[in-house]
Amino acid sequence: MLPLERQQQILTWLEEEETLRVSDISVRLGVSEMTVYRDIKPLVDEQKVLKTSNGITLVPQELFPSNVCSYCYKPTKSRLTVQLIKVNQQVEQTCCAHSTTDPKQ
């Protein structure tokens, strides 16, 4: 298994279980603990996971209030409100269908 595949598997397990121990990841993947540490280092650097005393956990996502656009922070009280369902199943609200030419996209 390639490092990117192991990293994706680790993220999948974290979404299901919230926290993982390095020793458990090592056993599940059939690799050394040092390999696990090398695999999680980029995830920590990208701020996708946090190191804990026993292992790792997902970084808590900032939650937007449901009445504020997650794109431009305007109120979402109009007929143009759009609900976005992200790959990780997180739901966000926008005040309208923002243009894909915007620099934030």
Side-chain angles (χ1 to χ4, degrees):
M1 187 181 282
L2 296 173
L4 288 175
E5 294 171 324
R6 289 192 302 265
Q7 290 169 358
Q8 186 57 48
Q9 182 61 59
I10 291 167
L11 289 173
T12 300
W13 287 333
L14 280 173
E15 288 174 1
E16 295 168 358
E17 303 174 35
E18 296 182 16
T19 61
L20 291 169
R21 294 176 51 170
V22 171
S23 58
D24 293 338
I25 297 169
S26 171
V27 170
R28 290 182 188 188
L29 294 174
V31 296
S32 70
E33 289 187 17
M34 192 64 222
T35 298
V36 173
Y37 281 111
R38 282 192 292 267
D39 287 343
I40 64 173
K41 183 177 181 345
L43 299 175
V44 171
D45 293 344
E46 295 168 15
Q47 298 181 345
K48 292 182 178 179
V49 300
L50 292 173
K51 280 187 178 181
T52 63
S53 60
N54 292 343
I56 57 173
T57 187
L58 283 176
V59 172
Q61 297 294 321
E62 292 184 30
L63 299 176
F64 291 96
S66 62
N67 62 345
V68 176
C69 177
S70 63
Y71 186 82
C72 67
Y73 309 109
K74 292 181 183 177
T76 57
K77 295 186 188 240
S78 77
R79 292 184 310 146
L80 301 174
T81 299
V82 176
Q83 189 176 56
L84 305 173
I85 302 174
K86 297 168 74 173
V87 175
N88 64 0
Q89 305 304 316
Q90 184 179 7
V91 177
E92 292 183 0
Q93 301 284 336
T94 62
C95 60
C96 64
H98 287 278
S99 171
T100 57
T101 59
D102 287 337
K104 187 174 176 182
Q105 295 265 338

Non-neighbouring partners of Glu18 that pass salt bridge (Lys or Arg N to Asp or Glu O under 4.0 Å), sequence neighbours left out
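Not a single residue meets the salt bridge (Lys or Arg N to Asp or Glu O under 4.0 Å) criterion with Glu18.
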Check salt bridge (Lys or Arg N to Asp or Glu O under 4.0 Å) between Arg21 and all other residues, then give those that pass, not counting sequence neighbours.
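With neighbours one apart ignored, the set is empty.
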Do you know the tightest heavy-atom contact between Met1 and Leu29?
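Taking Met1 first and Leu29 second, the nearest heavy atoms are SD-CD2, 4.1 Å.
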So how far is it from Leu14 CG to Thr19 OG1, rounded to the nearest 0.5 Å?
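Rounded to the nearest 0.5 Å, the CG-OG1 separation comes to 8.0 Å.
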Any chance you could measure Leu20, atom CG, to Thr52, atom OG1, to the nearest 0.5 Å?
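Spacing of CG (Leu20) from OG1 (Thr52) equals 9.5 Å.
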Can you name the residues that form a side chain to side chain donor-acceptor pair (under 3.5 Å) with Lys41, not counting sequence neighbours?
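If we apply the side chain to side chain donor-acceptor pair (under 3.5 Å) test to Lys41, skipping adjacent residues, the hits are Asp45.
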Excluding sequence neighbours, so at least two apart, what forms side chain to side chain donor-acceptor pair (under 3.5 Å) with Thr35?
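Side chain to side chain donor-acceptor pair (under 3.5 Å) list for Thr35, sorted by chain: Ser32, Arg38.
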Connected via hydrophobic side-chain network under 4.5 Å: Leu50 and Val36
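Result: no, two separate clusters.
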If hydrophobic clusters are built from ILVMFWY residues whose side chains come within less than 4.5 Å, do Ile56 and Val27 share one?
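Hydrophobic grouping puts Ile56 apart from Val27.
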Where at least one partner belongs to residues 23-34, residue pairs that pass salt bridge (charged side-chain N to carboxylate O under 4.0 Å, His left out), sequence neighbours excluded
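Only Glu17-Arg28 qualify under salt bridge (charged side-chain N to carboxylate O under 4.0 Å, His left out).
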Exam field: side chain Ser26 to backbone Val31, donor-acceptor pair closer than 3.5 Å:
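Answer holds: yes.
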For residues 2-12, which residue pairs qualify under side chain to side chain donor-acceptor pair (under 3.5 Å), counting only residues two or more places apart or in two chains?
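Listed once each, the pairs are Arg6-Asp39.
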